[in-house]
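Report on the following structure.
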Amino acid sequence: MRAGNEIKRSAAASIWFMFLTFPIMVIKVNTVTQTVEWRWANMLWVGIGAFFLSMLWRYLLMQREMGGKREIGDKPGIIQTIAANRRFSIPVLTGLGVFILVFPHLFSMYQTSIMISALIYVMLGLGLNIVVGLAGLLDLGYVAFFAVGAYSFALLNLNFGVTFWVALPLGGLLGGVSGIILGYPVLRLRGDYLAIVTLGFGEIIRLVLENWSEFSHGPSGIANIPKPTLFGIELSLDQETVYLFYILVLLVIFTIFVINRLQDSRIGRAWIALKDDEIACQAMGIDKAKTKLRAFALGATWAGMGGVIFAAKTTFVNPASFTIWESIIILCTVVLGGMGSILGVISGSLLLILLPEYLRDFGQFRMITFGSVLVLMMVFRPGGMVENVRRTYTFKRKMETR
Amino acid sequence: MKKILDVSNLTMDFGGLRAIDNLDISIHEGEIAALIGPNGAGKTTFFNCITGIYKPTGGDILISPRGRSQRINGLKPNLVTKKGLARTFQNIRLFSSMTVLENVMIGCHPVTKAGVLGAIFRGAGTRAEERFIAERSYALLEKIGLESFANELAVNLPYGAQRRLEIARAMATDPFLLLLDEPAAGMNPQETRTLDDLIIRIRDEDKISILLIEHDMKLVMSLSDNIHVVDYGKKIAEGTPEEIRNNDLVIKAYLGEEIDA
């Protein structure tokens, strides 16, 4: 009964696809000889292909439904188990650490450079994770804070000769301040409304940078931003890249450390409570305004620092690097990786930034593949690659292990 | 007995609709009071006015937890909670992505103070506070009998347990008065008996006074020291269960009037 139904639906889907693709797959107009070529065989292939893909799709969906929701006492996933067990996590972490240490020496400068971009996105993703993943505030203008960080380094250096190491905390600070400036007027907003306002804010920053030429040098941007210095030692171009890579690794570790501590703290719990239910959250004595502002400010601080590093890496900033597309990519890394999950956001960022790079050989199909991966992920793992698992507590008293 | 909550002339208008009309209600220390009335009488609106979710159009809300009386009209909900009025919700509002224990830990927010820097550096003070929060929350879970589910997600609990968890969460804020909005709604008779017992223990052991909205008359009559009846936003009766049972106005409000044919 069920199988017959499935076949019927798949057949319908394949007919629909044959109809849809008819103009491009079957009709071919030869403009030179002014004749129309009817490629009926193509239609057959489309039909068969659509039928089997549809069957596969339905089968996977069915599997997913059978899997159902987690019940009480369900075992967490493999990744969580490894992360929780010290016997596994210590060797894995050590291996990863060694790999990261030798990475720039093992691979080419091109690879290191790509990895630097990916790590910048890891930092941005983890920062946005505070705002979106923990506090549940949908921020579509996150790139604005990234721009604030990048431009603060560029401008402070241009006008006052400020170096990287001074600019890094300053960029973070300025990012945080702009986070509060944006956060204040949008305190009352939630969900879609908040998304639209933050989207607008992101565009405002970009447009200001583009048009206020006396301040930001307009669309031509600012060039010759210095790379970070190492106690005044002269570094070659390659060494500079490697050095930046290590700085970034340290910063990512610092970010992970901070966010890990935050998410299981009083403040982190307040963020999650705010995401889950605003009214109940206030009824528990949590100041909504303060909690939201903290999330915005902290998230923006990381974007600001990321911006400083970005400016140092490219040695050139212009408004074209800070379009809405960047915000969306960063948001995708958070959603795809797993909202609120540090491990998830890291893997999400790496996948999303590295995948298009390595897919360059596919040329035109690059973005299609990218888009399909996103859609499939959202259908089959809506919680992200690594779902967030709440901390468990144990008590010495009669707490029984279940 | 001294009054710990004294609401006088409370009025709440939504546009042209008067949901609460010059309502006077007082709660005394150590009392279990009930607020009853037909559907749409304004009971939950009353709770929302007191707890700061709505800003009342008129009237006074005075609390006097420790002798000093203060007006809390129009205070934000989080500040009302800090002053010692905690509530549960008619439609359960637990934090769905958190565990049972963490839900109660959230309730400890007003009695603790670690900030962002404290969380990042996790000094001795913050660590002690975290331990305090966890221990306190676990003790509350033991009180409501859910300690073995501490690390489960709150949404996975059975319905009755979710209602009890809401009570524990509200108690974690260290209130002097607990406002329960239909705590027995959707419970089976056995769960209701457990609840009955729990509410009395909260009053006797934790010295927290209780005001509850409830439709389960058996529960209301057995628990309450004092019952307030509202209809169309007005108070129509007040008294002991015995008095309310025999009040003509109350019977009329619930059952309607006889029409002479």
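Just so we're on the same page: letters track the sequence lines, and every chain starts at 1.
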>> Taking side chain as everything from C-beta outward and backbone as N, CA, C, O, which of these in B/L79 sits under 4.5 Å from a heavy atom of chain A? Side chain, backbone, both or neither.
In response: neither
> Taking C-beta and beyond as the side chain, do A/C281 and B/F95 meet within less than 4.5 Å on heavy atoms?
Replying inline: yes
> So which of A/D287, A/L262, A/I286 has the largest heavy-atom pair count under 4.5 angstrom toward chain B?
Replying inline: A/I286
> Closest approach of A/M284 and B/R87, non-hydrogen atoms and distance?
Replying inline: CE-O, 4.3 Å
>> Within this structure, what is the CE-CZ distance for the pair B/M105 and A/R266, rounded to the nearest 0.5 Å?
In response: 11.5 Å
>> Determine whether B/N78 and A/K288 satisfy the following criterion, side-chain contact (heavy atoms from CB on, under 4.5 Å), listing intermediate values before the conclusion.
In response: CA-CA 8 Å; B/N78 53 309; A/K288 187 174 89 177; over 6 Å; no
> chain A: which of B/G107, B/A170, B/S97 shares the most heavy-atom pairs with it under 4.5 Å?
Replying inline: B/S97
> Measuring heavy-atom distances to chain B, does A/R294 have an atom under 4.5 Å in its side chain, in its backbone, in both, or in neither?
Replying inline: side chain
>> Taking side chain as everything from C-beta outward and backbone as N, CA, C, O, which of these in B/T112 sits under 4.5 Å from a heavy atom of chain A? Side chain, backbone, both or neither.
In response: both
> Around atom OH of A/Y193, are there more than 12 heavy atoms of other residues, nucleotides or ligands at under 6.0 Å?
Replying inline: no
> To the nearest 0.5 Å, what is the distance between CD1 (B/I106) and CD1 (A/I272)?
Replying inline: 7.5 Å
> Given the rule in the side-chain contact (heavy atoms from CB on, under 4.5 Å) test, do B/F89 and A/D277 qualify, once you have shown the distances and angles that lead to the verdict?
Replying inline: CA-CA 12 Å; B/F89 295 89; A/D277 192 319; over 6 Å; no
> With a 4.5 angstrom heavy-atom cut-off, which part of B/E129 approaches chain A: side chain, backbone, both or neither?
Replying inline: side chain
> Does CZ in B/F14 sit with more than 12 non-hydrogen atoms of other residues, nucleotides or ligands closer than 6.0 Å?
Replying inline: yes
>> Given heavy-atom pairs under 4.5 angstrom as the criterion, report whether the side chain, backbone, both or neither of A/L298 touches chain B.
In response: side chain
>> Assess the residue pair B/R93 and A/E278 against the criterion (salt bridge (charged side-chain N to carboxylate O under 4.0 Å, His left out)); give the C-alpha distance rounded to whole Å, side-chain angles, the decisive distance to 0.1 Å, and a yes or no.
In response: CA-CA 10 Å; B/R93 284 177 174 273; A/E278 219 170 75; over 6 Å; no
> What is the minimum heavy-atom distance between B/E102 and A/D264, and which atoms define it?
Replying inline: OE2-OD1, 4.3 Å
>> Tell me which of these, A/G340, A/A270, A/A283, A/G268, has more heavy-atom pairs under 4.5 Å with chain B than the rest.
In response: A/A283
>> Please identify, among B/K76, B/K83, B/R122, B/K82, the residue contributing the most non-hydrogen atom pairs under 4.5 Å to chain A.
In response: B/R122
>> Can you tell me which portion of B/I120 sits under 4.5 Å from chain A's heavy atoms? Options are side chain, backbone, both or neither.
In response: both
> Is the number of heavy atoms from other residues, nucleotides or ligands within 6.0 Å of CD (B/Q190) greater than 12?
Replying inline: no
> In terms of heavy-atom pairs under 4.5 Å, which option from B/A119, B/A172, B/C108 contacts chain A the most?
Replying inline: B/A119
> Atom CD1 in B/I133, atom OG in A/S265: separation rounded to 0.5 Å?
Replying inline: 9.0 Å
> Can you tell me how far the CD atom of B/E135 sits from the OH atom of A/Y393, to the nearest 0.5 Å?
Replying inline: 12.0 Å
> Of the backbone (N, CA, C, O) and the side chain (C-beta and beyond), which part of B/I53 lies under 4.5 Å from a heavy atom of chain A, both, or neither?
Replying inline: side chain
>> Working to the nearest 0.5 angstrom, can you tell me the gap between A/Q282 CD and B/H109 NE2?
In response: 11.5 Å
